[in-house]
Amino acid sequence: MTQELYLDLRGVRKEFGAFVALQNINLNIRKGEFVCFLGPSGCGKTTLLRIIAGLEVQSRGEIWQGGKDISLLPPARRDYGIVFQSYALFPNLSVADNVAYGLVNRKMPRAEINQRVSELVKLVGLPGSEGKYPSQLSGGQQQRIALARALATRPGLLLLDEPLSALDALERVRLRSEIRALQQKLGVTTIMVTHDQEEALSVADRIVVMNHGVIEQVGTAQEVYREPASPFVADFVGKVNVVPGRVRDGVLEAGTLRLPGDGSDREVRVYLRPEDVLARPIADGDDHVFDSVIDKIEFLGSYCHVHVSTSALAPHKLTVYLSLNYLAEAQLQVGSGLRLRVLPERIKVF
Ligand code: ATP
């Protein structure tokens, strides 16, 4: 990835009748960057992708790609390849003809097309599949072919609209890392729309978190997870415990806990990630410690979601993550007492 600006969205707004789907979107994407638009259903992420593709026309604002104003160009005159959620392959065309589609339109000589097609099906891990038809392929294989088709003309921009959401969990994880590897190999600037935060965290250079037609935050996976800019981002990206508290004279009070706080005196909401509430190490005399009782243990393989009750905080429920080894070693089960410690530097206050 370079520092070179490639895609520049300036004040993009979209209205559908009286409904405002996108408010005032300003976003810079660098050449070679992999960006995810992440947000709940209806937040406008697909609409924004479709505006970049020219499949939807913005009500206001400009789109610049590679230093050119493309705001009003029809889709066919823009430089991108796109993959949709449902396999949009032509069912009556072979894999080869599907992949060749854009190349035929560009009147590339047949021999060159054949060579490019075999290169592409190899690139997406399906060499020799040229003669097959979409119905003979699994969902994941169809998406790989759709990806090959999108990349055929060597577009400057790859647009992916929830390309993995129709696949089963295993295939989704496999294909997302293949897409990431391919994207890095080709260096193609890529935007993927997803509502799956784990997907976004795992592949993106930067994540654009959207809600109700506005961008809430743009940042790396670590930034949006560790330093959420708003309660919405903290809630939407990853799991979080929220407890009410207040700041008084530079002290953050949450239940019986006294933590370092700053700013003016006010009521706040304290955001605690489950992994930032520790069961060990805790030594006598440690600060920010409280007692709890285990209500429920959810087994998730190597670690567990442990739900606890405590009179130290209100509301009294928290979720923490503990390893199975630790639970066994400390002989913890439902009903056991559990002393916990909050990492004050990891707390977010809104
Ligand atoms: P999802 O993941 O459910 O697709 P999204 O974040 O991609 O959600 P969009 O599809 O961009 O959301 O839609 C944003 C909002 O705009 C929604 O409230 C949707 O109902 C509305 N919308 C989208 N397209 C149209 C349209 N053609 N006419 C009217 N409203 C629309």
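In listed order, ligands and their atoms are each counted from 1.
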Next item on the list: Let me know which protein residues bring a heavy atom to under 4.0 Å of ligand 1; chain then number is fine for ordering.
Entry: F16, F19, A21, P40, S41, G42, C43, G44, K45, T46, T47, E162
Checklist line | Sole residue of E198, E171, E199 in side-chain hydrogen bond (donor to acceptor under 3.5 Å, both in side chains) with R176 | finding: E198
Next item on the list: Measure from NZ or CZ of R149 to the centre of the six-membered ring of F90, then state whether that distance is under 6.0 Å and the direction lies within 45° of the axis.
Entry: yes
Notebook entry, point to check: Does a side chain donor of either Q141 or R144 reach within less than 3.5 Å of an acceptor in the other side chain?
Noted result: no
Check: Under 6.0 Å from the CD atom of Q136, do we count more than 12 heavy atoms belonging to anything else shown?
Finding: yes
Next item on the list: Report yes or no: is the cationic atom of R273 (NZ for Lys, CZ for Arg) closer than 6.0 Å to the six-membered ring centre of Y225, at no more than 45° off its axis?
Entry: yes
Check: Got R180 and D205 here, is their nearest side-chain heavy-atom distance under 4.5 Å?
Finding: yes
